[in-house]
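Single-structure report; data block below.
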Number of protein chains: 2
Amino acid sequence: MKLSTKGRYGLRALIDLAQYSEETPVSITSISARQELSERYLEQLMSMLKKAGLVKSVRGAGGGYVLAKDMAEISIGDVLRALEGSLEPVECAGLEPDGGCKASDNCVTKYVWQRINESISQTVDEIMLDQLVEESRKKSCVGMDRALCKN
Amino acid sequence: MKLSTKGRYGLRALIDLAQYSEETPVSITSISARQELSERYLEQLMSMLKKAGLVKSVRGAGGGYVLAKDMAEISIGDVLRALEGSLEPVECAGLEPDGGCKASDNCVTKYVWQRINESISQTVDEIMLDQLVEESRKKSCVGMDRALCKN
DNA sequence: GGTAAATCCTAGTAAAATACTAGGAGATTA
DNA sequence: TAATCTCCTAGTATTTTACTAGGATTTACC
């Protein structure tokens with residue numbers, strides 16, 4: 001039940017992007033410098049965020065990435081699902097009426113997985129990116145000590 | 001953010017155990033036969049549940065496992081934490097005052113990890129084993145089709 | 001006392017997932 | 001034309017997962 005580096009790094013990167021992309025696109029190079037992340041790896045994370053429609057890219061010199069919609073309209077759930085795939089703790093727990101496991105009517109544990117799934121979803125979907133960006137500005141923590149924190 | 005087979009199989013096994021251990025201890029052999037799980041693997045899961053104080057063992061012929069406390073006093077959180085370790089999505093998110101990451105005061109994402117952690121904990125700690133056992137009896141699903149469901 | 005049925009304990013190991021690195025093609029600007 | 005970007009695919013070392021294997025120990029029952 002751990003989030004991978006994709007989710008952890010990717011969310012940090014997106015908060016950074018949101019802070020710096022108001023006027024011009026932000027390049028992977030600059031994000032990775034500030035956040036001390038591998039450029040090549042970050043490239044892949046940004047590509048996932050783009051596929052999910054959360055950021056837009058501007059190619060060529062002076063290019064980079066920009067948010068594809070307003071910060072207040074991007075939930076942390078959107079971000080984490082884009083990076084981690086489904087956040088369901090067990091595959092069968094899909095909420096779709098006919099989703100997942102065929103044996104589900106006889107499955108007692110499914111109830112548990114579903115409850116966990118719902119609580120995670122509710123939590124991550126009600127936190128929006130702008131809240132974190134604002135918080136980040138308050139703390140003026142543009143860069144944090146990566147030697148102490150890997151998240 | 002997936003639960004491993006430890007958590008999935010282990011919870012199933014414990015529900016099975018709870019149902020069958022009211023009079024005599026239940027052996028790993030019998031649980032694994034009903035639930036179609038490897039005996040050797042299940043052995044390790046039971047050992048974890050024992051270390052966590054959720055079950056007691058009775059050695060020797062005719063032995064097996066019994067719940068160490070009342071079903072109504074074992075939460076699913078206890079079970080999953082015994083099997084999966086901490087359910088925190090990110091290590092630093094510990095709720096302990098001085099727990100985890102040293103950079104936490106400057107960490108914006110920690111807020112997110114903590115919120116997720118709290119919601120998961122709350123959910124799994126309020127579901128008790130007896131609820132699932134009762135549900136299981138209602139559905140009379142002693143054995144479900146393992147060809148269809150791996151959870 | 002012997003045998004069968006159990007738990008207990010440690011190690012090993014194949015497969016899958018993770019966390020990257022590497023190389024190079026294509027787009028855009030100055 | 002050179003520099004700076006994104007884009008895309010593939011490779012790969014490390015770690016984790018999901019087991020399997022072997023054997024010691026304990027206990028009930030004949």
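In what follows, chains carry the letters A, B, and so on, assigned in the order in which the sequence lines appear, proteins first and then strands, with residues in each chain numbered from 1.
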Nucleotide N/O of nucleotides 1-3 of chain C paired with protein N/O under 3.5 Å:
none

Nearest-angstrom distance from the residue atom CG of L42(A) to C1' of dA19(C): 13 Å
Strictly under 4.0 angstrom, non-hydrogen atoms only: write out the protein contact profile of nucleotides 7-20 of chain D, one letter per nucleotide from the 5' end, B, S or -. BB-B-------SBB
Restricting to pairs with a member in residues 123-133 of chain B, which pass salt bridge (charged side-chain N to carboxylate O under 4.0 Å, His left out), not counting sequence neighbours? R115(A)-E126(B), R81(B)-D125(B)
Could you give the CE-to-P distance, from M48(A) to dT6(D), as a whole number of Å? 16 Å
Closer than 3.5 angstrom, by distance alone: can the side chain of Q122(B) be matched with the main-chain N or O of S119(B) as a donor-acceptor pair? no
In terms of heavy-atom contacts, L45(B) and L83(B) come closest through O-CD2, 3.9 Å
Polar contact flag, side-chain donor to acceptor under 3.5 angstrom, Q19(A)-S136(A): yes
Can a donor-acceptor pair be found, under 3.5 Å and without considering hydrogens, that links the side chain of K2(B) to the backbone of S86(A)? yes
Answer with yes or no whether the side chains of S4(B) and E84(B) bring together a donor and an acceptor at under 3.5 Å. yes
Note: K110(B)-E91(B) ion pair, threshold 4.0 Å (strictly below): no
Contact residues, residues 23-32 of chain B to DNA chain C [heavy atom, < 4.0 Å]: S27(B), I28(B)
Listed pairs under 3.5 Å, donor-acceptor, residues 47-68 of chain A side chains, sequence neighbours left out:
from	atom 1	to	atom 2	distance (Å)
K50(A)	NZ	S57(A)	OG	3.0

Could you list the donor-acceptor pairs under 3.5 angstrom formed between side-chain atoms of residues 69-79 of chain A and any protein atom two or more places apart in sequence or on another chain?
from	atom 1	to	atom 2	distance (Å)
D70(A)	OD1	A72(A)	N	2.9
S75(A)	OG	G77(A)	N	3.3
S75(A)	OG	D78(A)	N	3.0
S75(A)	OG	D78(A)	OD1	3.4
S75(A)	OG	D78(A)	OD2	3.3
D78(A)	OD2	S75(A)	N	3.1

